[in-house]
Asks: 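Below is one structure. I have some questions about it.
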Amino acid sequence: MARTGTPPTALELFGIDGLLSDDELAIRQTVREYCDGKIRPHLADWFEAGSLPARELARELGSLGALGMHLEGYGCAGMSATAYGLACLELEAADSGIRSLVSVQGSLAMYAIWAYGSEEQKQEWLPRMASGEAIGCFGLTEPDHGSNPSGMRTYAKQDGDDWILNGTKMWITNGSIAQVAVVWAATDDGVRGFVVPTDTPGFSAPEIKKKLSLRASVTSELVLDSVRLPASAMLPEATSLRAPLGCLNEARFGIVFGALGAARECLETATAYAREREVFDKPLAGFQLTQEKLANMALELGKGMLLALHLARLKEQHALAPEQVSLGKLNNVREAIRIARECRTILGANGISLEYPVIRHANNLESVLTYEGTSEVHTLVIGQALTGLPAFR
Amino acid sequence: MKIAVLVKQVPDTYGDRRMDPATRTVDRGSADPVIDEINERAVEAALQIKEAGDGVTVTAVTMGPVRAVEALRKALAMGADSAVHICDDTLAGSDAMQTSEVLAAALAGRDFDLVIAGNESTDGRTAAVPAMLAERLGMAQLTFLRTVTVSGGSVSGERMTGNGYVEAQAPLPAVVSVTEQSAEPRFPKFRGIMAAKKKPLQTLTLAELGLPGGEAGGENSWSRVLDVTARPARTAGTVVTDDGTAGTQVAEYLAAAKLI
């Protein structure tokens, strides 16, 4: 934070960079520069149009090494949890939709195959997914089953050696552009996962429109109408609902960092705006009420970052428990959306315009607040951890 | 084939760059130090030649303070094979004549076929080092290129001029400089960043280059900065309200300023 003349940012004030290695800083920098050069200039247009050149972006992100970057082997970059988190933060500082694209590809679809797939499934899909040539999606949530996936209606029926899948999945990121879908279905033997090439007859993925959040992201419904799959399509190591929940834990970890990226972008925008904008003949930033807002937001952003880095170091030591991920997801998304909304007030009417990133982030965070486990569910996970008493139902 | 790419660490142009009135040099605390973007384009040009040919190696070379090693790391992360860092406290404040002499000493005897530089740094902006270096090394020079192609024993490219470009060609060995119209630099890949740490990086002092320290640095430079004046504050522009003649008025304004 030793720049003369320019005040430090909130994260510089916290001295966060001192906690990061040179490699981690370099990875963060290359993602930041990629976002500055290739993503940020187009976001307002993508958001307004409700469309994203996702295939092109996936190939670029794959070329960087960002897809499945925390996985080892099969063309994946094998980076640390901290590096993965920092990449998510930079991507979500651009837009939650971009981070969602990467999260779903790497932490849900690729991780499911990497952790629970057969050697053949890994060889077939992971290198192409790491390069961005193939896009994956992850079908767990259903129209009537979000926080209670155990009630899923999608059913896989055995027919000789084959499986026949019927059902509907909802709110599936990357669904309409995916070459492969990891689909979770109830069987007579519990919940199992299936690797479904999206050109399989009976599979369709209509895109969900009329969203006011994550508009720079492809969201779809998956319709499985008697989709016939060979026995080899089943993920052999995923034998219960614990498997998809394990995938979600991976993705949530990325959100712990990612949400802070959205918050950082809002806070930096609002701080710069408040320093420039004059009200009653002096900068808005010179008023005590504004300074209180900025100080409180900086505190929450810095505290959230310290929590995220702590969880990342635990993950690197293979000592991160799911309820600890809940601590991070609940806190950091909750604070991020508060920061985005508070920043909106500092920008006044400009705060609602796509000329600035703030309302876009605030709207996106409405989705982040409830996907990958709602705040309510994470609260109950923490409550159960503290009391030993489950209060989910 | 061996290519050397000259890189320089400069204050980030996105920062609030300032001169230090006491030393009359750049206030290095005023903006984050980064690899000059024009040098990233030079690295990109070298890497494209490497990828198009067999047995091409790329060495990034810088002269600068200890932190300048970060600029070399970025070049290595982008894909350069090795790096040379000329780092000596007595070099501070060197001008283009001194810099080109030191770089020539570092490059001589290493059998480079091609030296690629940016056409001018975004801080000093003399645009003189590539030409001086070519002269000192006795190599051909092709400056202000927007494309660089190597074939057979020669290098060629499109050289920018005031009103277009000319196709230029020179025999190797040669020094070329590229403009900001040359190919957009790649982003370092994660694997490249990790691999960069393991690549050879040589640090050299003036003594190790066989140069006398007594002639180095700002005290002995051929050019002196006598005074530094802050850029005047921006003044309000001229507002042209369109009464049907705005186009003419704007054209006349631009013509008066010799901009068209």
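Residue numbers begin at 1 in each chain, while the letters A, B, ... track the order of the sequences. Small disclaimer: the values here were computed from a predicted structure and weren't measured. What's counted below: heavy atoms across the whole structure, side chains too, no hydrogens, waters or symmetry copies.
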Asks: Main chain of A/C76, side chain of B/R191: is a donor-acceptor contact present, judged purely on distance under 3.5 Å?
Replies: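 At least one qualifying donor-acceptor pair exists.
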Asks: What's the separation between atom NZ in B/K74 and atom CD in A/Q29, rounded to the nearest 0.5 Å?
Replies: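 Output value for this atom pair is 6.0 Å.
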Asks: More than 12 foreign heavy atoms under 6.0 Å from CD of A/E355: is that the case here?
Replies: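 Check fails, neighbour count at 12 or below.
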Asks: Is A/Q317 atom CD crowded by more than 12 heavy atoms from other residues, nucleotides or ligands, each under 6.0 Å away?
Replies: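 Count over threshold, so yes.
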Asks: Please indicate whether B/E180 has more than 12 foreign heavy atoms, meaning atoms of other residues, nucleotides or ligands, lying under 6.0 Å from its CD.
Replies: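 For B/E180, atom CD is not crowded (no more than 12 foreign heavy atoms under 6.0 Å).
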Asks: Can you tell me if CD on B/E208 sees more than 12 non-hydrogen neighbours from other groups inside 6.0 Å?
Replies: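 Correct, the count exceeds 12.
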Asks: Identify the two heavy atoms, one from A/D23 and one from B/I193, that lie closest to each other, and give their separation to 0.1 Å.
Replies: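 Nearest heavy atoms, A/D23 then B/I193: O-CG2, 4.2 Å.
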Asks: With a 4.5 angstrom heavy-atom cut-off, which part of B/E70 approaches chain A: side chain, backbone, both or neither?
Replies: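 Neither part.
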Asks: Sort A/A66 into side chain, backbone, both or neither according to what part of it lies under 4.5 angstrom from a heavy atom of chain B.
Replies: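 Both parts, backbone and side chain.
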Asks: With chain B as the partner, which of A/T30, A/I27, A/D22 has the greatest number of non-hydrogen pairs under 4.5 Å?
Replies: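 Sorted descending by pairs with chain B, the first entry is A/T30.
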Asks: Surrounding CD of B/Q202 (heavy atoms of other residues, nucleotides or ligands, distance under 6.0 Å), is the total greater than 12?
Replies: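 Counting neighbours around CD of B/Q202, more than 12 heavy atoms of other residues, nucleotides or ligands fall under 6.0 Å, so yes.
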Asks: Counting neighbours of CG on B/D89 that are heavy atoms of other residues, nucleotides or ligands and sit closer than 6.0 Å, is the number greater than 12?
Replies: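 At most 12 heavy atoms, drawn from other residues, nucleotides or ligands, come within 6.0 Å of this atom.
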Asks: Can you tell if the side chain of A/K38 reaches within under 4.5 Å of the side chain of B/F187, non-hydrogen atoms only?
Replies: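 Yes, side chains in contact.
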